S.K.: 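Pasting in a structure now, in structure tokens, and then I'll have a few things to ask.
All of these numbers come straight from a predicted model, not from anything done at the bench. Order of the sequence lines fixes the chain letters, A, B, ..., with proteins taken first and strands second; residue numbering starts at 1 for each chain.
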Amino acid sequence: MNSTVLELENVTKRFGDFTAVHGVSLTIPRGSIYGFLGPNGAGKTTTIRMIFDIIKPSSGRISILGAASALEVRRRIGYLPEEKGLYKAMTAAATIAYFASLKGLPRKAAKQRAYELLGRYGLGEFADTRIQALSKGMGQKVQVLCAVAHEPEFVVLDEPFSGLDPVNQQVLEQLIRDLALLGSTVLFSTHVMQHAERLCDHMLLIAKGRKIFDGTVAGAKATIPRRVLISTESSVDPLAGLDGVAEIKPLGDSATNPGAKDWEIRLRGQASAQAILERCFQGGIVLRRFDHSEPSLHDAFVSLVGAEGERA
Amino acid sequence: MRYVFLIALREFAENAKTKGFWIGIFMLPLILTISIVVTTKLAHSEPSRYFVVVDKSGAFVEPIDKSIEWQHQRSVLQALGQYVQENLRAGQQPGVNLATYQAAVDAFIAAGGKDAYLEKLRPVLRENAPAIKEPTRQFTRVELPGDIDPDASSDAILAGLKPYLLGDRRIATGGGDVPIFAALLIAPDGVDGAMRWTGPEAIQYWSTNLAVDDLPDRIRNALNGETRRRLYVARGVDVATVREIEATYARIGAFDPGKAAGAETVSTADRIAGNVPVAFVYLLWISIFTVMQMLLNNTIEEKSNRIAELLLSSVTPNEIMMGKLFGIAGIGLTMVAAWLTTVFVAAQLYQNSGGPGADVIGPAVDTVAASGLVPMFLLCFLLGYLIYAGLFLSIGALCNDIKEAQNLQGPMMLIMMVPLFTMISVNRDPHGTLATIMTWIPLYTPFTMMNRAAADPPLMEVVSAMLLMLATALLLLWSAGRIFRMAMLRAGNRPKLAEVVQWIRGRGDA
């Protein structure tokens with residue numbers, strides 16, 4: 001069995017004069033939970049639509065489960081689009097069964113699977129309720145179940161957490177883990193880093209249609225230089241000549257310590273944060289805050305995407 | 001094909017569950033039944049209308065009364081005819097003439113009217129026959145209201161009558177207080193003035209409701225009759241002889257050379273069958289329009305509810321389109337089949353019930369069933385459906401919501417109305433210029449060919465029209481396929497016409 005489920009090779013998509021995706025390449029290993037991250041308008045949905053052959057790339061090559069078009073392997077793939085919607089007059093079970101049957105499941109088996117999934121994910125009593133009578137969260141759960149009811153090898157979830165309350169977000173995170181445990185490969189796009197941080201093995205970060213990072217979550221965090229964040233009303237000049245300090249960057253007035261200013265002290269190589277703290281005491285710098293925690297994926301995202309990411 | 005079938009099945013099942021579908025199935029037969037029953041009942045229960053005649057010439061009151069009474073007796077004779085049909089013993093023939101042409105009505109009145117005829121008819125009627133219900137008098141002449149001086153001038157009388165004519169005042173009658181429906185004012189020189197076509201009118205008819213022309217017609221007949229009688233007398237002509245001659249009624253047999261030798265006679269059933277295409281055109285129009293609404297709504301639902309993208313990850317745009325096309329066609333055919341079955345079953349039941357006109361309806365239905373009009377209807381429905389489906393699928397795919405679709409649908413509706421406006425003219429002259437032009441406008445071909453079907457248009461023309469419809473349908477569906485593929489995922493501003501043309505030509509970004 002092929003060890004990769006999806007390969008994109010230098011894929012570009014142009015709409016008239018506008019280039020939505022610039023030469024993106026990626027490889028998704030089988031069995032992984034793969035995060036597809038980027039600010040709004042980065043080109044995530046366009047890339048996913050090309051993966052599913054809903055729109056054609058202007059150039060480049062896509063291979064999904066070894067096929068040139070997703071329609072050739074439609075029974076083996078599942079998809080939750082970013083724009084979510086269902087037939088309002090159909091019941092939850094009929095909806096799931098319909099989409100599962102379009103994915104090749106026999107109609108009777110599709111119906112059984114629909115009831116089973118709705119029961120497993122807490123919607124058993126709403127199985128015969130029309131979609132229009134369900135809450136937004138319930139409707140979204142039904143749509144996720146539509147994407148996975150036929151037990152696909154490869155599932156793509158485009159912004160699956162948007163619009164869900166924290167409890168349902170947890171349910172969805174569990175569903176993604178369940179899929180991975182059952183051997184499915186999951187690609188999900190998001191611009192909320194916490195989900196990616198908790199779920200992903202690998203991630204691809206794009207902005208303005210270009211690939212910025214492709215690798216593990218730890219690898220993404222490692223792209224950020226080690227730094228110390230401090231808040232003080234004093235001058236930070238005593239830190240300037242210290243060995244191991246690469247850059248002192250003002251961050252502006254402190255939001256949490258009135259009258260103080262926030263500073264980012266970037267460290268060189270394996271320089272010690274302890275030495276910074278000692279120099280602060282020696283130099284009479286009155287500290288309101290001293291933060292040497294590990295950078296989060298959010299920090300890495302902001303750092304990698306830069307100003308474009310800040311606006312997202 | 002499996003995916004097309006699954007989509008078609010869903011379209012059929014979901015639409016068949018809607019109230020609209022079932023209302024559609026039952027509403028048309030229900031409306032037809034109600035229309036017939038209500039029209040018949042209303043015709044019998046219409047209240048009498050009251051009018052006054054101010055005749056300063058003194059010549060016309062009696063002729064008018066006679067004319068109104070004659071008309072009433074004619075409707076009594078007509079009701080008697082229906083009553084006899086409903087209550088005649090099996091195998092019996094009525095021994096009196098129940099037709100309603102002038103001489104027959106005159107004979108009816110001369111013989112003593114309803115009671116005299118009933119006496120003669122009793123032996124051939126069923127024993128338990130109910131009593132006949134005499135129709136209400138359509139018009140009743142009343143005297144001037146007491147507060148108006150009949151000797152006053154015409155202007156003064158008219159001024160006094162106006163509140164009654166406008167409904168502000170009512171006059172007391174045996175049937176309660178009623179408004180005066182109309183007033184006829186005849187000047188003292190009315191007899192000579194009736195034939196004067198210059199200057200002020202010697203005879204004036206006043207009413208707020210000039211749409212009802214039965215009363216002025218009756219009055220005109222009476223005035224003409226009396227004026228002519230006076231002229232005959234003045235010139236020494238024998239009035240009785242003239243009346244006798246005027247009562248003659250020519251008999252003209254109608255024959256159709258297209259019918260089998262020896263059976264060329266055109267019966268009432270044939271005449272009805274000749275008009276049936278108009279009913280079929282109407283049915284065709286309603287059925288195509290109804291299913292187009294469903295097709296449009298379903299397409300827009302998938303676009304506005306963002307279902308399209310989920311579908312497109314499983315099936316191709318063409319599979320979606322074909323599935324819709326077949327599913328909604330199934331709905332349309334079910335509806336049409338239900339309507340046709342209802343009409344044929346109702347006609348059969350009515351024929352068996354022996355109600356008024358049953359002897360004509362049976363043969364008319366048989367003529368229609370044997371005429372090939374039904375297969376023609378089904379063919380026109382299918383080809384018309386495909387043509388309009390091509391247009392409505394494109395509209396549905398191009399619009400973001402039903403509101404936008406309604407804007408585009410407006411012009412389409414106007415275009416679709418044309419066959420309704422022209423259906424009577426085309427039926428009357430099925431090989432005329434209008435019919436020929438309409439035949440070759442593809443959007444109207446299904447309706448026009450249906451309308452012309454009973455007139456046996458040349459086979460070559462029928463085949464060419466069918467090919468034209470098929471080619472148009474294929475072209476429009478092919479274009480719709482291109483538009484559908486490009487437009488289903490598009491949101492925001494509606495594409496411009498030039499962009500749509502580019503899509504149809506296979507250019508565009510997708």
Side-chain angles (χ1 to χ4, degrees), chain A residues 13-20 45-46 48-58 64 69-71 73-75 77-91 94-95 97-107 110 130-132 139 143-144 146-147 150 152 155-156 158, chain B residues 1-21 294 297-320 323-324 327 400-402 484-492 495-496 499 502 506-510:
Chain A
K13 179 65 192 177
R14 280 183 290 273
F15 294 102
D17 298 333
F18 174 70
T19 305
T45 297
T46 303
I48 290 172
R49 284 179 176 175
M50 286 191 285
I51 292 171
F52 278 92
D53 205 12
I54 293 171
I55 55 174
K56 308 277 181 200
S58 305
I64 178 166
S69 166
L71 286 173
V73 288
R74 54 181 144 189
R75 296 181 179 208
I77 54 179
Y79 178 38
L80 172 75
E82 182 193 13
E83 291 179 335
K84 295 162 186 70
L86 294 166
Y87 295 106
K88 290 182 176 170
M90 282 176 91
T91 66
T95 304
Y98 174 60
F99 284 105
S101 67
L102 283 183
K103 289 290 191 184
L105 223 57
R107 285 171 60 208
R130 287 178 180 223
I131 297 292
Q132 63 199 7
Q143 197 163 16
V144 174
C146 287
H150 57 297
V155 185
V156 176
D158 195 357
Chain B
M1 203 59 203
R2 176 178 190 268
Y3 300 103
V4 172
F5 169 73
L6 284 171
I7 293 169
L9 194 67
R10 193 206 79 85
E11 292 288 338
F12 184 86
E14 290 305 312
N15 280 292
K17 279 184 206 163
T18 58
K19 288 189 194 93
F21 173 73
M294 290 182 178
N297 288 343
N298 288 17
T299 311
I300 288 174
E301 184 194 12
E302 274 164 11
K303 204 176 166 192
S304 64
N305 285 354
R306 315 290 184 202
I307 304 165
E309 193 166 353
L310 188 56
L311 277 173
L312 287 171
S313 69
S314 306
V315 287
T316 62
N318 271 343
E319 284 168 338
I320 300 176
K324 280 188 174 306
N400 290 313
D401 51 42
I402 198 77
F484 202 78
R485 189 168 75 82
M486 300 295 291
M488 277 308 270
L489 287 180
R490 189 183 164 118
K496 294 194 169 72
E499 203 176 343
Q502 290 286 316
R507 295 172 197 171
D509 295 306

S.K.: Determine, for B:F21 and B:K17, whether the Lys NZ or Arg CZ falls below 6.0 Å from the six-membered ring centre while staying within 45 degrees of the axis.
M.R.: no
S.K.: Mind listing the closest non-hydrogen atom pair of A:S58 and A:R14 along with its distance?
M.R.: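 A:S58 and A:R14 have their closest heavy atoms at OG-N, 2.8 Å.
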S.K.: Please report the shortest heavy-atom distance between B:K324 and B:I7, naming the atom on each side.
M.R.: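 In terms of heavy atoms, the two residues are closest at N-CG2, 4.0 Å.
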S.K.: Side chain, backbone, both or neither: which part of A:M90 has a heavy atom under 4.5 Å from chain B?
M.R.: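 Both the backbone and the side chain of A:M90 come within 4.5 Å of chain B.
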S.K.: How close do B:L6 and A:S101 get, heavy atom to heavy atom, and via which atoms?
M.R.: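 Residues B:L6 and A:S101, closest heavy atoms: CD1-O, 3.4 Å.
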S.K.: So which of B:E302, B:R2, B:R10, B:E301 has the biggest tally of heavy-atom pairs under 4.5 Å with chain A?
M.R.: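 With the most close heavy-atom pairs to chain A, the winner is B:R10.
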S.K.: So which of B:V315, B:T316, B:N298 has the biggest tally of heavy-atom pairs under 4.5 Å with chain A?
M.R.: B:V315
S.K.: Which pair of non-hydrogen atoms, one from A:A97 and one from A:A110, has the smallest distance, and what is that distance?
M.R.: O-CB, 3.4 Å
S.K.: Chain B: which of A:Y79, A:F99, A:Y87, A:Y98 shares the most heavy-atom pairs with it under 4.5 Å?
M.R.: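 Maximum pair count with chain B is reached by A:Y87.
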S.K.: Tell me, side chain or backbone of A:L71 under 4.5 Å from chain B's heavy atoms, or both, or neither?
M.R.: side chain
